[in-house]
Every structure is written in structure tokens, then in C-alpha cells.
Amino acid sequence: MAKNITPREKDYSQWYIDIVKEAQLAEHSPVRGSMVIKPNGYSLWENMRDALDKMFKETGHQNAYFPLFIPKSFLSKEAKHVEGFAKECAVVTHSRLINTEDGVGVDPSSKLEEELIVRPTSETIIWDTYRGWIQSHRDLPILINQWANVVRWEMRTRLFLRTMEFLWQEGHTAHATREEAIEETEKMLEVYRVFAEEFMAMPVITGVKTESERFAGAENTYCIEALMQDGKALQAGTSHFLGQNFAKAFDVTFQDKDGGLKHVWATSWGVSTRLIGGLIMTHSDDDGLILPPKLAPTQIVMVPIFKNDEEKAKVMAYIDEVYAALKSQGLRVKVDDREQYKPGWKFAQHEVEGVPLRVAVGPRDVENGNAELARRDTKTKQVVTKDELIQIVKPLLDEIQQSLFNRAVEHRTNLTSVVSSYEEFKEVLDSKGGFIYAHWDGTPETEAKIKDETKATIRCIPLDNPHKETGFCMVTGKPSEQMVLFARAY
RNA sequence: CGGGGCGUAGCGCAGUCCGGUAGCGCAUCUGCUUUGGGAGCAGAGGGUCGCAGGUUCAAAUCCUGUCGCCCCGACCA
């Protein structure tokens, strides 16, 4: 039915690309590795953004905006930070173009005195700014978030999952004590978990990254990890406890109640348009995108069916009535009254685009006071009366939301294994993939060895670990305090 | 940076081996018939064949160079 979508079974990666294209979410731009986010994709992002933004505000944060350009010298102030990002920075070196024989060229005389970095993340510019804002413990905490674009010069890109430029939010907070900063880090991780599970219907594991997977400049990195349909993991969000690293690098101090001068404690946390990639790979099928009702730009689409003007008048009057009733319940409902497309075409298109519910109304329905209601997630249809329809749509959307989540949890459960030996680990990894719990001796060396040999990484040490029992490392046989979560990842 | 693929109408492609009037499907425009799962018929418009050289009477096609994008890997959110 979905004639332009490669089945997942055949080529998962091509399926993903096809979904992005056919659901009109985004397209490639002329520049390598960057994309145009189309209205369908952007309104989805807006819904995600609005939900998150509300949660940030509810937890006491305010939005601000810091510049796109960062002086090159700032990057080098925190040693690990620069080390982590140095290889993927876009650098602005000149400020003018001039006409040349073959078009335009860079004007050599416009060379910048200090080159500028296009932000790959904003810790440096923000901490340079915070220095001026903080003198006393009375200035703390500072709880700020920004919605912005960032640029990371990636070698290999994939629509939404990894592009050179992407949209995200980055929270940057400053605290008087270590405990308070850690509390903030964990609080925001929890916000992400709730958002992923309740809005995206995407179950996640919360955990802590190992040293090698830690954010450049962080003392500790927390994350939410999701599992995609193909058994690969996706890091869906991170929350970092930055310790005093940036405060020290940018000399941000405050005078405490006891009169002493202390360095500030910091956190940062972010999620990006990558979440859209996660959303696609959690729910969608071979017929196209499937969107959770809470985030779907259109929750219900209504399709009129008629043969002539007389029927059209009746059908449209009937639809307008239902539309008004649904709209008044605060639902995002749309009437697809375009006349250049036939109903069948519209059915197919809205399915590809992932609209959770479709209501079709034709002359027969008007006659009988009915409507045909179709669910995108289960592809089931039922005929209901108009009054029923108006009553059941809202609870049905909730049911779909819940059902998508349950389905994803079930899928994750099926793809989660516990292994006791390295042999078994490799076998499970190759045969079914997914999340694998295993014992690890805690050393970066063993972790690197596993990664080299199997391409699997430690996704996290789960916070709420179901496998806390002690044991012995599957590779070295050394003692292990608890199992950790492995997977091949995006 | 390695491996693979592709640049021909808005989109998807054929034509390239073997040089000789630039084609097909979808989309678009006009008209009529249609409308409960991607409508049918008739007609029409739309191209510096990625770019630059070269060979030739003649190049989408052969030769040389060059640019770009996509996919797969190494690195990363």
C-alpha cells in the first residue's frame, strides 16, 4: 500500500530515510549533512519544544539566548572540553566576499583578528557570561535554558539522528553547592524521562555514562537511553554534572555565607531534534510514520466524500458540525477538503504522515448519522454514530498514546537480554541485538576491548538497575559490582 | 579518510556498452467523465543531459580533469 516505502525487513536504514521523505518531515539541503526541516517536521518539533519548555518553566527555569559565535580562545579554556569538540568545529575566518572572475571569493583583507567558532555547545560563552552575573551566594542558583541551533562538523550524517546543524535546547545552571548541582542534574534527567515516556511514548532507561562516554568537561553524565525497533540503542538525552570545571576555567566565584570565596557548581542538559529520529524508529511501520497523539501536529483528520455539489453541501455541513465539536474539546483536528485529491489518496497520504485518527464522512454516513473512524496505529476501522464519535475521540487518543507506549515497552522487553559470558554476549548481540545486561570490571580498557571486538558500547549504568547483583566481568573475570547495559548504538 | 552508488524535465528513472532528431512514469496545465482505499480518457507545457576541456562532420554517449550529493564503515548527540 505504501508504495514508496522500503520495508524495514529489507533495509531498515532505507526505510528510515523513506519515512522522513514520504511523511514530509525533512529533506536534504544542498549542503552536505544538513537538512531542511519541512512544516510537518517542524510542527512536530514545535509540539515537543512546547511540552518541554513548559516542564522547564515549571521547574523554575527561564529562557535566554546566547550568541552563535564563540571566540576561539574560549574553547581552549577547559582542557577536556576543547579536546572533545576540537575535531568538529566550524570556524569563521573572514567577514567579506568580493567579486572574482568566476563569481565571488573570500576577501583576504577581511580576515578576522580573532577567529570565531560556530557553537557546538554553549558552555564556554555562557560561563564567560555567568562570571559577570555572579558575585554572591544570593545570585545563585542561576537556572537558564536556551533554544538554539548548534553546529558539529560530523563526518557521517543521518537525517535528524545526526546532522551538521541541529536544533536543541541546552540548560545551563549554576549552584552554590555540589549537592544542589547534582540534584539539579538528576531532576532534569527525570524531566527528560517523563517527556520521553509520557509525550513521545518512548520508554527509556535512565542511567549514568561511563568515563569514556562522558560529556567533554563533565564530572558525570546522566542519560536516557531508548531502544529502536531494529535493536540498536539511541541516546535520547543527556544531563551533565559539570562539577566546578567550568567555574574554574572561567573563574566564576561567589562569596558564600561564611564570607569565603568559592567556585560555582554547574550543570548542563540537552535534547535535540534527534528525538524526532527516535520517535520515528520507536513507533512507525512499513506504511509510514506513526505519531503519538500528544505530539502529533494533527490528531484527527476528517475526509469528506461526495459525488456532486448537493452531496458536498450535506457532507460538509455535517463535517463542520463534528469539527466544531472536536475543536471545542481542544483537539487538533483538520478537515482535508482539497478537491484535487480523491478520498483514497488522502487516506494513504495521512497514513504515511502518521495522523493518529481519521474520520471519513460520506453521504451514507450523513444519511445514517454515522462516521467511519480509523486508527493509524492498529489500522482498524469502525463505524460509529456522530454522537459516539464526539464522545470517544478524546479517550481513544489517550488509549492510542498508552498503547504505543505499551507496544514499545513490550518490544524493548523482548529485545533485552541478560548474559553471563562473553561468548553468549557476542552471540546475542549478533542474533538479536537489543539491550544486553552483563558484568563488567569497571575499567576503560575492558570497555574499549569490547567496543573494538563487537561494536557494542556501555550505554549506561542504570540508575534503577534490575541487575544489581555482584559477579565477575564477562571478559576478564575480575569482580564486578553490578551488571551494566550494553548495546550497539546510533 | 576508505568502500560503493548517483548527477538527464519539479520528482523518480531509461538512454551511455555500440556517437547520429533527448525519452518514459509520476507531478503540472486545459477539457470531459469521475469521487466509500493512491481515478480514467483526450490534449498541452516543461531540458544549457553536474561543470570544464578534448576527440569527431556529429557527444547525454568516447577520453581527461573537476565539483557535488547519497549510502556503507572509521569518529560523534
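Just so we're clear, the structure is a prediction, and the values are computed from it rather than from any experiment. A, B, ... follow the sequence lines: proteins, then strands. Residue 1 opens every chain. These numbers come from the heavy atoms of this one structure, side chains and all, not from hydrogens, waters or symmetry mates.
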Select base, sugar-phosphate, or nothing to describe what A/N308 touches, counting heavy atoms under 4.0 Å on all strands. nothing
Grab the CG-P distance between A/D309 and B/U34 for me, whole Å please. 13 Å
Tell which nucleotide pairs with B/C62, taking only Watson-Crick or G-U wobble pairs whose two distances are both under 3.5 angstrom. B/G54
Rounding to an integer number of angstrom, what distance separates B/C51 and B/G45 when you compare their C1' atoms? 28 Å
Measuring only the C1' atom in each nucleotide, how far is B/C11 from B/G54? A whole number of Å is fine. 34 Å
Hunt down the Watson-Crick or G-U wobble partner of B/A27, both distances under 3.5 Å, from any strand shown, or write none. none
Measure the distance from CD on A/Q24 to P on B/G10 and round it to the nearest whole Å. 18 Å
A/M164 CE to B/C76 C1', in whole Å, measures 13 Å
Does NZ or CZ of A/K346 fall inside the cone over A/Y341's six-membered ring, less than 6.0 Å from its centre and within 45° of the axis? no
Contact class for A/K455 vs. all strands (heavy atom < 4.0 Å): base, sugar-phosphate, or nothing? sugar-phosphate
Relative to the 5' end of RNA chain B, which residue comes earlier, A/E339 or A/E213, by the nucleotide with the nearest heavy atom? A/E339
Between B/A77, B/G36, B/A74, spot the one nearest the side chain of A/M155, thanks. B/A74
Can you tell me how far C1' in B/G47 sits from the matching atom in B/C63, rounded to whole Å? 25 Å
What distance, rounded to whole Å, do you find between the two P atoms, one in B/C49 and one in B/U8? 11 Å
Shortest non-hydrogen pair, A/R375 vs A/S403, comes out as NH2-OG, 3.8 Å
Does a nitrogen or oxygen in the side chain of A/K342 sit under 4.0 Å from OP1 or OP2 of B/G36? yes
Quick one: does NZ or CZ of A/R358 land under 6.0 Å from the six-membered ring centre of A/F347, within 45 degrees of the ring axis? yes
Selection from B/A77, B/C75, B/G38 that lies nearest to any side-chain heavy atom of A/R274: B/A77
For A/F215 and A/V361, find the nucleotide of RNA chain B closest to each by heavy atoms; which residue's nucleotide sits nearer the 5' end? A/V361
Could you state the CD1-C1' distance from A/I319 to B/U35, rounded to the nearest angstrom? 13 Å
Partner of B/C17 by Watson-Crick or G-U wobble geometry, both contacts under 3.5 Å, or none? none
Given B/G36, B/G38, B/C76, identify the nucleotide with an atom nearest to the side chain of A/P343. B/G36
Report which part of the nucleic acid A/E154 touches: base, sugar-phosphate, or nothing (heavy-atom distance under 4.0 Å, all strands). base
Heavy-atom pair with the smallest gap, counting every atom of A/N145 and A/W147: ND2-NE1, 3.3 Å
Provide the distance between the two P atoms, one in B/C6 and one in B/C62, to the nearest whole Å. 13 Å
B/A74 and B/U66, which share atom name C1', separated by this distance in whole Å: 27 Å
Euclidean distance for P, B/G20 against B/A60 (whole angstrom): 9 Å
Opposite nucleotide pairing with B/A39, Watson-Crick or G-U, both atom distances under 3.5 Å: B/U33
Nearest whole Å is fine: how far is B/G36 P from A/K346 NZ? 11 Å
Using whole Å, what does the distance between atom P of nucleotide B/G38 and atom CG of A/D336 come to? 15 Å
Round to the nearest Å and state the distance from A/K209 atom NZ to B/C76 atom C1'. 12 Å
Partner of A/F215 by ring pair (Phe, Tyr, Trp, His ring centres under 6.0 Å), out of A/F241, A/W269, A/F85: A/F85
Is it true that the NZ or CZ of A/K426 lies under 6.0 Å from the centre of A/Y422's six-membered ring and within 45 degrees of the ring axis? yes
Would you classify A/F166 as touching base, sugar-phosphate or nothing, given that sugar-phosphate means primed atoms plus P, OP1 and OP2, and contacts are heavy atoms under 4.0 Å? base
What protein N or O atoms touch nucleotides 69-72 of chain B N or O atoms at under 3.5 angstrom, if any, and at what distances?
residue	atom	partner	partner atom	Å
B/C69	OP1	A/R32	N	2.8
B/C70	OP1	A/H28	ND1	3.4
B/C70	OP1	A/G33	N	3.3
B/C72	OP1	A/S13	OG	2.5
B/C72	OP1	A/R158	NH1	3.3
B/C72	OP2	A/R156	NH1	2.5
B/C72	OP2	A/R156	NH2	2.5
B/C72	O5'	A/R156	NH2	3.3

Between B/U21 and B/A58, how far is it from one C1' atom to the other, in whole Å? 12 Å
Base of B/G38, side chain of A/Q349 - is there a donor-acceptor contact under 3.5 Å? yes
Rounded interatomic separation in angstrom, taking CG from A/N149 and P from B/A77: 19 Å
Whom does B/C1 pair with, Watson-Crick or G-U wobble, provided both distances fall under 3.5 Å? B/G73
For A/E219 and A/N245, which I'm curious about, is there any donor-acceptor pair between the side chains at under 3.5 Å? no
What is the base-pairing partner of B/G45, counting Watson-Crick and G-U wobble geometry with both distances under 3.5 Å? none
If you check the A/R358 side chain, which of B/G37, B/G36, B/C76 turns out closest? B/G37
In a check of side-chain contact (heavy atoms from CB on, under 4.5 Å) between A/V271 and each of A/W168, A/F195, A/Y192, which one passes? A/Y192
Tell me, please, whether A/F166 has A/R274 positioned over its six-membered ring: NZ or CZ under 6.0 Å from the ring centre and within 45 degrees of its axis? no
So, is the end of the A/K386 side chain (NZ or CZ) under 6.0 Å from the ring centre of A/Y318 and within 45° of the ring's axis? yes
Identity of whatever pairs with B/A9 - Watson-Crick or G-U, under 3.5 angstrom: none
